[in-house]
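Reading through the structure tokens given below for one structure.
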Protein chains: 2
Amino acid sequence: MANIGQRNRLQYIILGLLNQRPQTGYDLAKAFENEIGEFWQAQHSQIYPLLRRMEDAGEITHEDTVAGEKLAKKQYTLTPSGHDKLVDWVSEPSPELTPSKDEFILKLYFIKTDKDPRIQPMLREQLRLHQTQLNHLEGRLKTVFPTDAAKQQAYGHYLILDHAIERERDYVAWLSRYLTD
Amino acid sequence: MANIGQRNRLQYIILGLLNQRPQTGYDLAKAFENEIGEFWQAQHSQIYPLLRRMEDAGEITHEDTVAGEKLAKKQYTLTPSGHDKLVDWVSEPSPELTPSKDEFILKLYFIKTDKDPRIQPMLREQLRLHQTQLNHLEGRLKTVFPTDAAKQQAYGHYLILDHAIERERDYVAWLSRYLTD
DNA sequence: CTTAAACATGTAATTAATTACATGTTACAA
DNA sequence: TTGTAACATGTAATTAATTACATGTTTAAG
């Protein structure tokens, strides 16, 4: 029984990535360090067993290839059933509002008065972090989507990068508002 | 050995909540449905065993009380050691930028062109969700912090509610920008 | 030629978190 | 008085996710 949990969203990300092009588990793991790392994270130790289960479930298949002399690779591809599953998932509503689980925010919750001397250093630290992240994302936008044509070809990717930038910009603005420098 | 994992942030939330006032496990579970539900979630099945471990670790203690005729309650309180641990946690830097794990955003990533007919309904659905959440949070701000004095007494709580409202407002603004109504 | 980084694939152990199972009390409304 | 929602506390089973263990190949720089 290759039954995969209902709320396991990693499987859909893998379906989506394989729909873009056939890839190895290693390639998928790298994608989580790069382009989708801002939105989801997964280690190879979670990816390889899941690929196995998804193949058992008939959603993907692999082809064995060899690089160089004898380095074994598995190129995974979507099956029609896997493609259907991806389309269904994207089309279905997403009614969950996930809590953000931001540790800094949690800490703030336990500070009682605006006179607490820890507030300002905390705000400054977070401002630095989010400013750095904002700069990073703005750089990414410029390199990944230098032209309007590039935006057209991966419109969803462009949208979520734009969203992430906006989110960081607003976070920075909010932090700045409470900084008394 | 009551050794609790390094990254388990729930324990700190419990320390923080008990620092506000002594509470039962049931009270804590309710807090995750109400005031901190926007930022963290935990079920009673996770809370009760953790309270036990934290008591074994000497961070909290409990007093048995009885409500009515024979309904047993455990009122938990911080020990000095637990209080120290809470203060240390709040004071220590929070250098992690947690990815948001927003399912809608994930789905967008796999949409290729701006002509895809699924985009507009998806944006509309999310707009409705975040608008509802925004209204809810704005209501909460008015009832929980009706006066400036109220804000002073739980300043951190006020800050994070303000932050959450701001976040929803910006999310709604971003969604609206891409809606072609 | 040697070595280090990147490529490539897996398993094992542990922790975090959710869902389901399980039981009993109290307050309040119909 | 009868039923139901809220109060109250726990355990069991399962899944998701991280960290550590484990092994071997290829490429490119020094």
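Just the heavy atoms: all of them, side chains too, but no hydrogens, waters or symmetry mates, feed the values below. In what follows, chains carry the letters A, B, and so on, assigned in the order in which the sequence lines appear, proteins first and then strands, with residues in each chain numbered from 1. As the structure is a computational prediction, the values presented were derived from the model and not from experiment.
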- [ ] Taking only the side-chain nitrogens and oxygens of A/Arg7, find out if one of them lies under 4.0 Å from OP1 or OP2 of C/dA17.
- [x] no

Between protein and nucleotides 4-9 of chain C, what N or O pairs are separated by less than 3.5 Å?
{"from": "C/dC7", "atom 1": "OP1", "to": "A/Lys30", "atom 2": "NZ", "distance (Å)": "3.4"}
{"from": "C/dC7", "atom 1": "OP2", "to": "A/Tyr26", "atom 2": "OH", "distance (Å)": "2.8"}
{"from": "C/dC7", "atom 1": "O5'", "to": "A/Tyr26", "atom 2": "OH", "distance (Å)": "3.3"}
{"from": "C/dA8", "atom 1": "OP1", "to": "A/Lys73", "atom 2": "NZ", "distance (Å)": "2.1"}
{"from": "C/dT9", "atom 1": "OP1", "to": "A/Lys74", "atom 2": "N", "distance (Å)": "2.8"}
{"from": "C/dT9", "atom 1": "OP2", "to": "A/Tyr26", "atom 2": "N", "distance (Å)": "3.0"}
{"from": "C/dT9", "atom 1": "OP2", "to": "A/Tyr48", "atom 2": "OH", "distance (Å)": "3.1"}

Task: Between D/dA17 (P) and A/Phe32 (CZ): distance, integer Å - done: 10 Å

- [ ] Find the distance A/Trp40:CH2 to D/dA16:P and express it as a whole number of Å.
- [x] 11 Å

Task: Nearest-Å distance for atom pair CD1/C1', residues B/Ile47 and C/dT19 - done: 15 Å

Task: Between B/Asp162 and A/Tyr178, a side-chain donor and acceptor under 3.5 Å - done: yes

- [ ] Is it possible for you to say whether B/Val144 and A/Ile111 belong to one hydrophobic cluster, with membership spreading through side-chain heavy-atom contacts below 4.5 Å?
- [x] yes

Task: Rounded interatomic separation in angstrom, taking CG from A/Asn8 and C1' from C/dA17 - done: 14 Å

- [ ] Return each pair, listed once, that meets ring pair (Phe, Tyr, Trp, His ring centres under 6.0 Å) where at least one residue sits in residues 98-125 of chain B; pairs must be two or more places apart or across chains.
- [x] A/His157-B/Tyr109

- [ ] Describe, in one word, how the ring planes of A/Tyr155 and A/Tyr158 are oriented to each other, choosing from parallel (under 30°), tilted (30 to 60°) and perpendicular (over 60°).
- [x] tilted

Task: Beyond-backbone contact of A/Glu55 with A/Thr61, side-chain heavy atoms, under 4.5 angstrom - done: yes

Task: 5'-most by nearest nucleotide on DNA chain D - A/Val66 or B/Arg52 - done: B/Arg52

- [ ] Starting from P on C/dA13, measure out to CD on A/Gln43 and report it in whole angstrom.
- [x] 19 Å

Task: 5' priority, DNA chain D, between A/Gln46 and A/Gly68 [closest heavy atom] - done: A/Gln46

Task: Integer-rounded Å distance: C/dG10 P and A/Leu28 CG - done: 12 Å

Open item on the list: Tell me whether the count of non-hydrogen atoms from other residues, nucleotides or ligands lying under 6.0 Å of CZ in B/Arg52 goes above 12.
Closed with: no

Task: Whole angstrom value for the distance that separates P of C/dG10 from CG of A/Leu51 - done: 8 Å

Task: Spacing between A/Lys101 atom NZ and C/dA16 atom P, to the nearest angstrom - done: 11 Å

Task: Flag for B/Glu38-B/Gln133: side-chain donor and acceptor within less than 3.5 Å - done: yes

- [ ] Could you tell me which residues satisfy side-chain contact (heavy atoms from CB on, under 4.5 Å) with A/Glu92, sequence neighbours excluded, listed by chain and number?
- [x] A/Trp89, B/Lys107

Task: Pairing residues for B/Glu166 by the salt bridge (charged side-chain N to carboxylate O under 4.0 Å, His left out) criterion, not counting sequence neighbours - done: A/Arg177

TODO: Just do the side chain to side chain donor-acceptor pair (under 3.5 Å) check on B/Lys112 and A/Gln20 with the steps written out, would you?
DONE: CA-CA 9 Å; B/Lys112 279 167 187 160; A/Gln20 292 175 347; over 6 Å; no

Polar atom pairs (N or O), protein with nucleotides 3-5 of chain D, under 3.5 Å:
none

Open item on the list: For the helix from C/dC1-D/dG30 to C/dA30-D/dT1, what angle separates the axis at the start from the axis at the finish, each from five pairs, in steps of 10°?
Closed with: 30°

TODO: Mind running side chain to side chain donor-acceptor pair (under 3.5 Å) on A/Asp116 and A/Thr113 for me, showing each step along the way?
DONE: CA-CA 6 Å; A/Asp116 193 305; A/Thr113 84; 5.8 Å; no

